Amino acid sequence: MEEQQDQLKVQQDAEVLPKLAVPETAPAPAAAGASIFDVKNTSIYYGAFRAVTDVSLTVHENEITAFIGPSGCGKTTVLRSLNRMNDLIPGARVEGDINYRGVPLYGSDVSPTAVRRRIGMVFQKANPFPKSIYDNIAYGPRINGIRNKGKLDEIVERSLKQAALWDEVKDRLNKSGLGLSGGQAQRLCIARTLAVEPDVVLMDEPCSALDPIATGRIEDLMREIKSRYTIVIVTHNMQQATRVSDRTAFYSVLRDEKNDTRTGVLVEYGRTAQIFEDPHDSRTQAYVTGRMG
Amino acid sequence: MMAAASNSLGQPVDLREPSGWRRSKNQIMTILMWLAFVIVLIPLAFVLVTLVAKGADAISLQFLTNSTIPPNVVPLGVGGMGAAVVGTLEITGFASLLAIPLGVLGAVYLNEYGGNGILARLISFMSSVMTGVPSIVMGLFIYIIWVLHFGYSGMAGSFALACLMLPIVIRSSYEMLRLVPDSLRQGSYALGATKARVTVTVVLPAALSGIVSGALLAVARAAGETAPLIFTILTVEQTNPNLFSGPDTSLPLQIFSNAQSAYVGANARAWGAALTLVAITFILMIVARIVTALFTRNTR
């Protein structure tokens with residue numbers, strides 16, 4: 001009788017904590033490439049407020065690394081510190097070491113502009129410039145001093161093809177970029193980022209405003225381009241992390257009840273399959289099984 | 001249960017605004033808004049109709065181009081306002097050349113570079129103060145610091161008009177730059193653009209049509225100013241082709257002096273000059289709108 005009850009309890013527990021199935025399309029673990037970002041004991045502040053504390057992780061070449069976690073856990077803050085976009089926010093400050101290919105990103109002689117030319121970013125909300133589709137893509141190369149019309153044409157075509165947008169817009173390259181649909185506009189922004197041939201592409205919830213079909217296309221796109229670029233993506237969608245990413249970092253929020261402040265922490269970082277199937281931390285398990293956040 | 005079912009099946013659904021006070025309120029407010037619109041339109045229509053009715057007779061090619069403004073006693077048909085037309089175009093044009101670039105750059109500094117710094121706050125405060133300075137005081141100011149030393153000239157008038165235009169251009173351009181979404185700036189920064197690049201290639205083009213509108217308002221305001229010119233360009237009856245020296249004249253000044261006269265011919269010339277001034281401003285507005293539309297055809 002008692003044994004039966006125990007068995008029942010175990011079964012119930014198993015039901016409460018279902019494993020999140022990792023689909024077949026998930027990339028097979030491969031040998032880790034060279035490290036692109038080495039983040040060591042990094043804390044990020046906005047003024048006196050500590051947004052993220054003590055993050056350490058390594059991003060590998062030609063992999064897709066996903067940042068997941070509940071709102072306010074600082075995953076976007078960490079992402080934006082990787083190409084120094086946080087510099088644009090008054091009072092933002094980074095403590096600790098962030099190395100990009102062995103070079104300290106926050107070294108005194110590092111130019112944020114030079115950093116951002118190598119490390120591009122795609123934003124949550126598509127932000128095409130109020131220019132023609134052509135000029136949107138040619139914007140980055142022009143900044144880099146490319147004026148040759150033939151060269152620009154070539155870059156525009158190549159970038160739009162990489163972003164799987166060429167067939168839809170090739171007849172209206174001189175029309176405004178603002179006339180595109182949400183998914184097209186986001187792919188335009190990805191093409192714009194790829195046009196400068198960056199080393200790394202950072203993506204801040206690139207699909208959060210898109211429908212499943214548009215999301216699927218962007219995920220296909222990410223898998224296609226990852227052989228040439230390293231991608232770090234912030235996502236609220238755990239399915240998306242399992243579908244596209246090689247590694248996953250789970251962030252959570254530490255609440256300080258005394259001072260009523262919240263700080264983001266990196267809870268667990270590892271292979272995506274491990275994070276979702278065999279999380280070592282109870283908070284990760286609670287999150288990936290849908291019990292929290 | 002039964003009642004609800006029969007109700008939903010039996011009667012047609014009424015989706016109109018519920019009757020009673022709410023519907024009446026809607027009607028009253030709609031009427032009030034139309035009324036306000038008509039009331040605003042009345043003085044505008046009245047001015048335009050009067051101007052055309054009284055000024056159209058004076059307009060002729062000779063009136064617009066003859067370089068000698070005749071004495072008041074001379075009837076219409078002799079001489080013309082060519083000198084004043086040239087003066088207005090030159091003086092307002094040069095004033096725009098001074099004030100618009102400076103004003104737009106000032107607004108760029110305030111919105112993109114100055115932040116909340118002491119200099120930005122000082123400039124913002126000063127331009128607000130400048131907006132409130134009466135135009136005749138601007139004329140007196142230029143009279144004291146320029147005319148007393150270098151004599152009357154069209155350029156002195158341009159200085160006075162530029163002082164008037166500057167705060168208008170700064171204020172309107174600043175408001176337009178503030179409306180440019182930050183996401184555009186971020187997108188440009190993320191491609192490795194420097195701040196100057198972001199401003200020149202993304203922020204200013206996105207705000208261009210609004211900036212042009214503000215600048216046009218300033219130009220129209222300056223073109224119609226009389227007071228600041230009295231102390232700075234004096235007035236003459238012959239075309240002064242040199243903007244940089246010697247007294248000049250302008251349409252508002254001619255309207256002012258001719259309208260005060262007791263002679264019919266002078267009065268007719270004043271009406272004609274007034275219509276010419278409005279027409280010049282109107283044409284300028286249309287040309288600037290077309291040019292802006294050509295430049296910004298991809299921004300919407």
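Hydrogens, waters and symmetry mates play no part in the numbers below; they use all other heavy atoms, side chains included. Bear in mind that the values here come from a model prediction, so they are computed numbers and not experimental data. Below, chains carry the letters A, B, ... as their sequence lines are ordered, and counting in each starts from 1.
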If you look only at pairs with a residue in residues 74-115 of chain A, which of them pass as a ring pair (Phe, Tyr, Trp, His ring centres under 6.0 Å), with sequence neighbours excluded?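 The answer is A:Phe37-A:Tyr100.
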If you count every heavy atom of other residues, nucleotides or ligands that lies below 6.0 Å from [X] atom [atom1], does the total exceed 12?
X	atom1	answer
B:Arg289	CZ	yes
B:Arg22	CZ	no
B:Phe282	CZ	no
B:Ile118	CD1	no
B:Tyr109	OH	yes

So what's closer than 4.5 Å to chain B heavy atoms on [X]: side chain, backbone, both or neither?
X	value
A:Arg142	backbone
A:Met121	both
A:Ile119	backbone
A:Pro90	neither
A:Ile143	both

Residue by residue, scan residues 190-204 of chain B and write down, ordered by number, those that have a heavy-atom distance under 4.5 Å to chain A; if none do, write 'none'.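 So far as heavy atoms go, B:Ala190, B:Leu191, B:Gly192, B:Ala193, B:Thr194, B:Arg197, B:Val198, B:Thr201, B:Val202 are the residues that approach chain A to under 4.5 Å.
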At their closest point, which heavy atom of B:Gln186 faces which heavy atom of A:Met85, and how far apart are they?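 Scanning both residues, the minimum pair turns out to be O-CE, 3.5 Å.
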Inter-residue atom distance A:Arg116.CZ - B:Tyr189.OH, 0.5 Å rounding: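 Spacing of CZ (A:Arg116) from OH (B:Tyr189) equals 7.5 Å.
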Option that, when pairs with chain A are counted at under 4.5 Å, heavy atom only, ranks first among B:Pro181, B:Gly115, B:Gly187: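 Ranked by heavy-atom pairs under 4.5 Å with chain A, first place is B:Gly187.
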